[in-house]
Chemist: 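Pasting in a structure now, in structure tokens, and then I'll have a few things to ask.
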Amino acid sequence: MLNKVKDYIKKYNLLNNNELYIVALSGGADSVALLLLLDEMGYKIHAAHCNFRLRGEESDQDELFCETLCHQKNIPFHRIHFDTKSYAETHKVSIEMAARELRYHYFEQLRQDIGAQGVCVAHHRDDSVETVLLNLVRGTGLRGLTGIQPRNGSILRPLLFVSKKEIETYLTEKGQPFVTDSTNLVADVQRNKIRLQVLPLLQELNPAVSENIQRTTEHLAEAQKVLDGISNSYKDVKHIDFNELNKFGSSEYLLFEWLKNYGFNGSQVRQIMEAETGRVMTSIQGYDVLKDRDSYIVEQSLEPLNPLRIPEDGTYILHKEVKFTVKKEPVWVSKDPAIATLDARKVCFPLTIRRVKEGDWMIPYGMEGRKLLSDLMTDRKMTLFEKRRQLVVTDANSCIIWLVGIRIDARYQVEDQTTEVFSISFIR
């Protein structure tokens, strides 16, 4: 057992002989075996015990057992008491979730306080198999079938490759007692039902079912690393075209791995894939994804924008770093799309800057007749995101005098008889 644990630690580079580690010690067989093994291997360890006050005297007996064991082994012992039921009620979570949140928060705080490199927890192969089966029952993607991993940040799992039976055999051979949490023997939560009812049935079909499932999760974990490498290359991308997705063989998977970074779930990804062009969907993190003509585009959801009133010449801040400057000048004609030059005689103040609205129209410079701005923007192959961000400038008569950055209205163009112009500059 000792050599197998050494090999596993080396394989995944979990521990360093020169560092301090915390062992999460409940008093159960798994954590006791972990404590003894790491101590025997010469690692510098402290033990940490959480008393969740859920089982009355039994909880206190577990704490005393852990304290006594650490005293016998000359291992520094840390403990904490939690009012788990009150925490669960206050945060509206289950008792199981409350205990999990409390203990991992405590472990991390203690790790920082004593300068430990990591926290060693005693999850074993059966725990990982149970997790896989639970995820299957609840519904999961590929990642949920990879089981528990040897390392998750500062949480380390040196016993993940051994079974519960191997752990108990090891303790029996050493003559080392341990405590048993009576709640683990009651099939009242999903994980316990998997452990006490489902796995025994599967073992009747194949006694090596746990080992086989764990081996499969290891293969899937390696496959996941390859997929993560691909998806990570798109992590900060805001635009992916259809051809790019299709070259990997599974456009839905890559699309999900990309969009989950912006808060989209699997159901939303399937809906956006099946939707018609122009469909927009919003995530819980405040991002919108657009299915455009030949690509998917992501951007932050559009914030409301109050129209900006411009009563006279000057510089005006529209939103964040967006500014507009209005000046009366001698005649000149701008060729810069960010600057409009308009016949000063025809411009009636106050001006208003706002976003495009449905039904907006103008007589575009260089064209004949009026045209809806929606059609004008479509002709320019603007995306829905670009259209909804598009700004216009209107005059006192509510006429659109400038489709900002694109075109002025022909009725306000500079003519031979123009003596002065108003220049309107759009500055980011």
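No experiment lies behind these values; they were computed from the predicted model shown. Throughout, residue positions are numbered sequentially from 1 according to the sequence presented.
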Chemist: Got Arg157 and Tyr12 here, is their nearest side-chain heavy-atom distance under 4.5 Å?
Modeler: no

Chemist: So, for Tyr287 and Phe264, is the gap between ring centers shorter than 6.0 Å?
Modeler: no

Chemist: Decide if the gap between the ring center of Phe324 and the ring center of Phe426 is smaller than 6.0 angstrom.
Modeler: yes

Chemist: Set out, in order, the CA-CA distance, both residues' side-chain angles and the distance that settles salt bridge (charged side-chain N to carboxylate O under 4.0 Å, His left out) for Glu274 and Arg270, then state yes or no.
Modeler: CA-CA 6 Å; Glu274 296 169 359; Arg270 285 190 291 274; over 6 Å; no

Chemist: Can you tell me if OH on Tyr365 sees more than 12 non-hydrogen neighbours from other groups inside 6.0 Å?
Modeler: no

Chemist: Under 3.5 Å, is there a donor-acceptor pair between the side chain of His91 and the main chain of Tyr87?
Modeler: yes

Chemist: Working to the nearest 0.5 Å, report the span between CD1 of Ile400 and CG of Leu373.
Modeler: 4.5 Å

Chemist: Distance only, no hydrogens: is a donor on one side chain within 3.5 Å (strictly under) of an acceptor on the other, for Gln117 and Arg111?
Modeler: no

Chemist: Are Ile80 and Asn51 side-chain neighbours, meaning at least one heavy-atom pair lies under 4.5 Å?
Modeler: no

Chemist: Run through Val393, Val392, Ile424, Val356 and flag the one making a side-chain contact (heavy atoms from CB on, under 4.5 Å) with Val404.
Modeler: Val393

Chemist: Any side-chain donor-acceptor pair under 3.5 Å between Lys323 and Ser425?
Modeler: no

Chemist: Any carboxylate oxygen within less than 4.0 angstrom of a Lys/Arg side-chain nitrogen, looking at Arg79 and Glu63?
Modeler: yes

Chemist: Does the ring centre of His78 sit less than 6.0 Å away from the ring centre of His49?
Modeler: no

Chemist: Could you walk me through whether Ile95 and Leu54 pass side-chain contact (heavy atoms from CB on, under 4.5 Å), step by step?
Modeler: CA-CA 9 Å; Ile95 291 293; Leu54 294 172; 3.7 Å; yes

Chemist: Under a 3.5 Å threshold, yes or no: a donor from one side chain and an acceptor from the other, between Asp288 and Thr282?
Modeler: yes

Chemist: So, Lys165 and Asp126, do they make that salt bridge, N to O below 4.0 Å?
Modeler: no

Chemist: Do Thr146 and Gln224 meet the criterion of a side-chain donor-acceptor pair at a distance under 3.5 Å?
Modeler: no

Chemist: Any side-chain heavy atom of Phe242 within less than 4.5 Å of one from Lys247?
Modeler: no

Chemist: Just wondering, more than 12 heavy atoms not from Arg345 lying within 6.0 Å of its CZ?
Modeler: yes

Chemist: Could you check whether any side-chain heavy atom of Asp292 comes within less than 4.5 Å of a side-chain heavy atom of Phe385, counting everything from C-beta outward?
Modeler: no

Chemist: Yes or no on side-chain contact (heavy atoms from CB on, under 4.5 Å) for Glu276 and Lys291, after CA distance, side-chain angles and deciding distance?
Modeler: CA-CA 8 Å; Glu276 298 292 329; Lys291 185 174 185 179; over 6 Å; no

Chemist: Is there a side-chain contact between Leu160 and Arg125 (heavy atoms, below 4.5 Å)?
Modeler: no

Chemist: Is it the case that Thr315 and Thr325 place a side-chain donor and acceptor less than 3.5 Å from each other?
Modeler: yes

Chemist: For atom NZ of Lys238, decide whether the heavy atoms of other residues, nucleotides or ligands shown that lie under 6.0 angstrom number more than 12.
Modeler: yes

Chemist: From His124 NE2 over to Ile148 CD1, what is the distance, rounded to the nearest 0.5 angstrom?
Modeler: 9.0 Å

Chemist: Short question: side chain of Ser301, backbone of Gly286 - any donor-acceptor pair under 3.5 Å?
Modeler: yes

Chemist: Would you say the side-chain atoms of Thr418 pair up with the backbone N or O of Val414, donor to acceptor, closer than 3.5 Å?
Modeler: no

Chemist: Does the side chain of Tyr43 pick up a donor-acceptor pair with the side chain of Asn16 at under 3.5 Å?
Modeler: no

Chemist: Is the CD1 atom of Ile114 crowded by more than 12 outside heavy atoms at less than 6.0 Å?
Modeler: yes

Chemist: Taking the side chain from Asp409 and the backbone from Pro364, do they hold a donor-acceptor pair closer than 3.5 Å?
Modeler: no

Chemist: Quiz question: by atom type and distance under 3.5 Å, do the side chains of Glu108 and Gln112 form a donor-acceptor pair?
Modeler: yes

Chemist: Can you tell me which residue among Leu15, Ile75, Leu159 is in a side-chain contact (heavy atoms from CB on, under 4.5 Å) with Leu38?
Modeler: Leu15

Chemist: Of Tyr262, Trp258, Phe256, which meets side-chain contact (heavy atoms from CB on, under 4.5 Å) against Lys260?
Modeler: Phe256

Chemist: Can Glu420 and Lys327 be counted as an ion pair, charged N to O under 4.0 angstrom?
Modeler: no

Chemist: Start with the C-alpha gap between Asp360 and Arg354, add the side-chain angles, then the distance that decides, and say whether salt bridge (charged side-chain N to carboxylate O under 4.0 Å, His left out) holds.
Modeler: CA-CA 11 Å; Asp360 278 346; Arg354 60 169 173 81; 2.9 Å; yes

Chemist: Testing the basics here: between Leu145 and Val132, what is the closest heavy-atom pair and its distance to 0.1 Å?
Modeler: O-CG2, 4.0 Å

Chemist: Take Asp343 and Arg411 through the salt bridge (charged side-chain N to carboxylate O under 4.0 Å, His left out) test and state the conclusion after the steps.
Modeler: CA-CA 9 Å; Asp343 190 328; Arg411 292 169 292 177; over 6 Å; no

Chemist: Can you tell if the side chain of Arg355 reaches within under 4.5 Å of the side chain of Leu302, non-hydrogen atoms only?
Modeler: yes

Chemist: Please walk me through it: do Thr378 and Lys387 pass side chain to side chain donor-acceptor pair (under 3.5 Å)?
Modeler: CA-CA 9 Å; Thr378 297; Lys387 291 178 181 179; 2.7 Å; yes

Chemist: Count the heavy atoms belonging to other residues, nucleotides or ligands that lie under 6.0 Å from CD of Glu415, then report whether that count exceeds 12.
Modeler: yes

Chemist: Taking atom types as modelled, find out whether Arg191 and Thr131 have a side-chain donor-acceptor pair closer than 3.5 angstrom.
Modeler: yes

Chemist: Working note: Ile406 + Gln390, criterion side-chain contact (heavy atoms from CB on, under 4.5 Å); need CA distance, chi angles, decisive distance, verdict.
Modeler: CA-CA 10 Å; Ile406 297 177; Gln390 180 62 48; 3.5 Å; yes

Chemist: Any side-chain heavy atom of Val32 sitting closer than 4.5 Å to one from Leu25?
Modeler: yes

Chemist: Salt-bridged, Arg143 to Asp228, with N to O below 4.0 Å?
Modeler: yes

Chemist: Run the side-chain contact (heavy atoms from CB on, under 4.5 Å) test on Arg55 and Asp62 for me, step by step, so that the C-alpha distance in whole Å, both residues' side-chain angles and the decisive distance to 0.1 Å come before the verdict.
Modeler: CA-CA 10 Å; Arg55 295 174 288 117; Asp62 292 354; 2.7 Å; yes

Chemist: Do you see a donor-acceptor pair shorter than 3.5 Å between the side chains of Glu166 and Ser163?
Modeler: yes

Chemist: Checking Glu218 against Arg215 for the salt bridge (charged side-chain N to carboxylate O under 4.0 Å, His left out) test, could you report, in this order, the C-alpha distance in whole Å, the side-chain angles of both residues, the deciding distance, and whether it holds?
Modeler: CA-CA 5 Å; Glu218 291 174 358; Arg215 188 179 299 114; over 6 Å; no

Chemist: For Tyr8 and Phe161, take the angle between the two ring planes, folded into 0 to 90°, and tell me which bin it lands in: parallel under 30, tilted 30 to 60, perpendicular over 60.
Modeler: parallel

Chemist: Rounded to the nearest 0.5 Å, what separates atom CD in Gln285 from atom CG in Leu259?
Modeler: 11.0 Å

Chemist: For the pair Glu89 and Lys85, find out whether any cationic side-chain nitrogen is under 4.0 Å from an anionic carboxylate oxygen.
Modeler: no

Chemist: So Phe52 and His81, do their side chains get closer than 4.5 Å, heavy atoms only?
Modeler: no

Chemist: Please tell me whether Phe422 and Phe349 form a close aromatic pair, meaning their ring centres lie under 6.0 Å apart.
Modeler: yes

Chemist: Should the pair Glu299-Arg388 be classified as a salt bridge under the 4.0 Å nitrogen-to-oxygen rule?
Modeler: yes

